[in-house]
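Read through the structure below, which is laid out as structure tokens, and then see the notes.
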Amino acid sequence: MSTVFGQVVKRREDPRFITGRGQYTDDVQLPGMLYAAILRSPHAHARIIGIDVEAAKRAPGVVAVYTGRDLAERMGSVPTAWIPPESDLKTPPHRALAVDKVRYVGDGVAMVIADTRYAARDALDLISVQYEVLPAVVNQVEAMENGAPVLHAEAPDNVAFHWQIGNATDEVFAQAEVVVRHTIRQQRLVPNPMEPRASVAQYNPATGELTVWVTSQNPHIHRFVLSGILGIPEHRLRVVATDVGGGFGAKIAVYPDEALVAFAAMDLGRPVKWTEDRREHFLVTTHGRDHVEELELAGTRDGRIQAIRVRAYANMGAYLSTAAPGVPTILFGLIVPGPYTIPYVGVDVYGVFTNTTPTDAYRGAGRPEATYLLERMVDLYAREIRMDPVEVRRRNLIPADEFPYHTPTGLEYDSGNYHLALSRALDMADYDGFRRKQQELRAQGRHVGVGVTTYVEICGLGPSQVAGAVGFQGGLWESSTVRVHPTGKVTVFTGSSPHGQGEETTFAQIVADKLGVLVEDVEVVHGDTARISMGWGTYGSRTTPVAGSALAVALDRVLEKARRIAAHMLEVSAEDVECEDGRFYAKGAKSRSVSFQDVALQAHLAWNLPQGVEPSLEAQAFYDPANFTYSFGTHICMVEVDTDTGDVRIDRYIAVDDCGRVINPMIAEGQVHGGIVQGIGQALWEGAVYDEQGQLVTGTLMDYAMPKARFFPNFETAFTETPSPHNPLGVKGIGETGTIAATPTVVNAVLDALAPFGVREIQMPLTPERVWRSIQEGGQRS
Amino acid sequence: MIPQAFAYRRANSVAEAIAILQEDSGAKLLAGGHSLLPLMKMRLANPGTLVDISGVKELRGIQRVGDEIVIGALTTHADVAKHPLIRTHLPALAEAAARIGDLQVRNRGTIGGNLAHADPSSDLPAVALAYDARLTVMGPAGRDVLAAEDFFLGPMVTALPDGQVISSVAVPVPASNTRSAYVKCPHPASGYAVVGVAATVTVAADGTVEHARIGVTGAADCAYRAYQVEEALVGQTASLEIIRQAAQYAAEDGSIGSDVYASEEYRRHLCCVYTERVLRKVLL
């Protein structure tokens, strides 16, 4: 077989993206199209006393104005689709437009449909809403206190759910030699993909068919949920999400906006487009993280971690978004023990309603939060027992011969060599040399530090039976159809929905590798429910392990049929056919061969097929993974802190990741780079801040600091390859590893640099002022 | 982020721009647009008319006129940053212009538009103060000259009278024993100065500081001259100790502000740190 699997192939999707030829939702132009604009609440919490839309209706270009009351009987509630078991989850209705009450700044109040985007926007200013402003609460811990403002009557204590797992007892902590206790806050982040959300809907009254273009990571989930909200049967609903300009989890959710646009298109009989602007993105698109965590770690004096216990308060925002309840529970709690042999684990999570933008998955989704708290606690523990933090990790990492490994939280880690990744990274970093240099520099008054993270990640979501058991209201298998055309060119239809990750290239590499065709002769189709029978989309580092495996199974079926046809053509039995580099040979007689293209043509001509073989050459697979897969690795960062200003400079960043077999090293490295940047973004710059009235203070890109290329040194990356035994390709996920590992790596590096000042905690993001203050305060203490 | 409707008019000369401003009180000048248009998209500014002066050639370009370098108001930051006269004689201005925004902003944004907008975190006001720049403004009654020191009055408030146009910025060519520099702590999101300090110092042959001008931006409600730092330097022989002492006064002449990114206390501290840094560059 050819060796295109594992080779660097340039991303085939990039030329159209970088030359402006992508087809994003906002590029859709339809005859007679109207434009929607949505009036959003300026208050975090208020009763709607009255809405006067008459002036807006009379404004030039305005076709229709809708309020919550107009739609209450005509549209369903926007549901949540993840209901963790035994969590007493409350599901108060989430109306597409608020009816009686608004619950966060940005909550939809009315929608204007007009001839142009400008007319629609201008008319918003003509709508007069009378509000009775209510007290707001933005902090999840305060929201649980007696007397806090109540968002939903269904949850009088603002607790949306309470979920627990684990075996850690008070006794374990009472008997431990060392107990470290700490409270941390993992701040709220705004995803900010380059492409904001958008939706276009077109209704055909003659056939009753509705087409919705939407910025989605999972068009079939959008179809499933929109069908319920709109009451339109799935077979008459087509959802298209061809090119999507990044999602980072924020385009998993089904939002009120796309349902509103679809409703208006049906109601008015004309196509309607809505495109979010960046200000709306900040206010309305789901945010990520936002935990307050009380932490306890128990261990021995010689560095053995015995137990970790977490009480987390997760800020869910004003409503439960589509996947939101699964993020701080299943995707967080189960992975709290991380890559270590910790016998006792306890996780106790409160999901809390507040008057803020709903939160949901954000790159890593639960796993960065778990990794952050664990890695911070390991470093604090190391400091407590005066042991090098790397040595503590060495003593607790799961040994390579203990896989498959069962965690106290019920996971089965498939494969790993955690010590190998650690030692590779330490070698690359010259860790021991750095520690010596650190001593010398400290003597000169310079403050450098190093942070080391060893992590494991749940990826490849996931076996459908498990999905059901953990309350996900869907399956997590994946579909793939491989269609070989008469000329031997191949079209792949995948149920995953890549939106920047590069599967148009890596999936073509899988095909080229299996069938011996050229990468250029493969087309990968995704993101259209009319062309792809079913799928669950792209998130949770699942596309390559699950959809890639579905593709591998379908390819095996194609190959098997092609072998039978080739055998017939070569007049030998199928067992006597060998396949290499796109040619079929008669075993032992290399001169007798037919090409894959010859076979494809014969399959379609069907003039002379073997007995019982159907014409054409196409196969479909519905692949349900046997288990999750678990990527892992070690990241190391070295920083220097300017103690005069509190500025943090990143000097080196080393990442050794293991995602099983690597299909395309350049793409895998690119995923790692992007993940690291986003992870460091949380550590040092990003943070959504609300004031006490619930106004988002960091609501523009002038205030909310996204990472920029000039903030970083060159990253030093490497891979170890421990194949997953769970899937036919031996692959694991790589899209989220950087975000998971980078945040604690950088924070631990800064705290290491400031250890001489006695600094144990700095609230993320580690802005220069916070770093400077921690030095002032720590310095006073010591 | 969709602006309200507005009329667009293109002026081909300063006189034409002034005439439009006279007849239409809701009109605003549009040069590079990189400050005004974002405000309009947020509907924080809603001018009824934009008067596009970007095509007025007489307002563009850099030349030496006698003992002054005269910079046309429509000269872009990119052109300022790379011009040989600026790089040779006004290095602090070159450094500041080169660090404004990003490439696109520097290619569109203009020195006149920047100073007229008077964002309290903008880089150029600090440099204008440090160089004793003078702004030529033109209005219906003719031409007037305003000193930079008298120009910045508050956040986005200047001494520029309504209906008038900055036509050029003139800077006296510094003596050959004058050194200048600009240092800044950029906001990680906007790139604007959390604190930016420009310094111009002239040192006599015997090592005595003869002249010092310190402009501070970002920290206060508008850019200001740090008079007390200047006074602490003039007449002294430069040393690290003198610099450190003088820099302690860096926040004393401004009305220092606070926001979600940096508190007043921290900004005061940064004023001192960055003043010390810029003085070390020009004096040591």
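All heavy atoms count here, side chains included; hydrogens, waters and symmetry mates do not. All chains are named by letter (A, B, ...) in the order of the sequence lines, taking the proteins before the strands, and each is independently numbered beginning at 1.
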What part of [X] is in contact with chain B, defined as an atom under 4.5 angstrom from a non-hydrogen atom: side chain, backbone, both or neither?
X: A:T767; value: side chain
X: A:D703; value: backbone
X: A:D691; value: neither

Original post:
So do the side chains of B:M42 and A:D277 get within less than 4.5 Å of each other, counting heavy atoms only?
Top reply: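 No. Closest side-chain heavy atoms not under 4.5 Å.
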
Original post:
Does the side chain of B:Y261 reach to within under 4.5 Å of the side chain of A:P768, using non-hydrogen atoms?
Top reply: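 In short, these two side chains touch, coming nearer than 4.5 Å.
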
I'd like to know which of [options] tops the heavy-atom pair count under 4.5 Å against chain B.
options: A:W685, A:W772, A:Y118; result: A:W772
options: A:K708, A:M702, A:E686; result: A:M702
options: A:T698, A:V697, A:T645; result: A:T645

I need the [X] [atom1] to [Y] [atom2] distance, nearest 0.5 Å.
X: B:S190; Y: A:L701; atom1: OG; atom2: CG; value: 11.0 Å
X: B:Y266; Y: A:Q776; atom1: OH; atom2: CD; value: 10.0 Å
X: B:I2; Y: A:R279; atom1: CD1; atom2: CZ; value: 14.5 Å

**OP:** In sequence, state the C-alpha distance, the side-chain angles, and the governing distance for A:D644 and B:R244, and then conclude on salt bridge (Lys or Arg N to Asp or Glu O under 4.0 Å).
**Re:** CA-CA 13 Å; A:D644 288 337; B:R244 281 191 173 143; over 6 Å; no

Original post:
Under 3.5 Å, is there a donor-acceptor pair between the side chain of B:Q4 and the main chain of A:D122?
Top reply: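 Checked: no pair found.
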
Subject >> CA sep, side-chain torsions, deciding dist, call: B:E265, A:R773, salt bridge (Lys or Arg N to Asp or Glu O under 4.0 Å) >> reply: CA-CA 10 Å; B:E265 183 192 2; A:R773 278 188 186 283; 2.8 Å; yes

Subject >> Crowding at CZ, A:R278 (>12 non-hydrogen neighbours, <6.0 Å) >> reply: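 Yes, enclosed.
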
**OP:** Test A:D125 against B:R43 for salt bridge (Lys or Arg N to Asp or Glu O under 4.0 Å), laying out the working first.
**Re:** CA-CA 11 Å; A:D125 290 347; B:R43 300 204 171 197; 2.7 Å; yes

Original post:
Taking all atoms of both residues into account, what is the closest heavy-atom pair of B:A189 and A:A705, and its distance?
Top reply: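 Residues B:A189 and A:A705, closest heavy atoms: CB-CA, 3.5 Å.
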
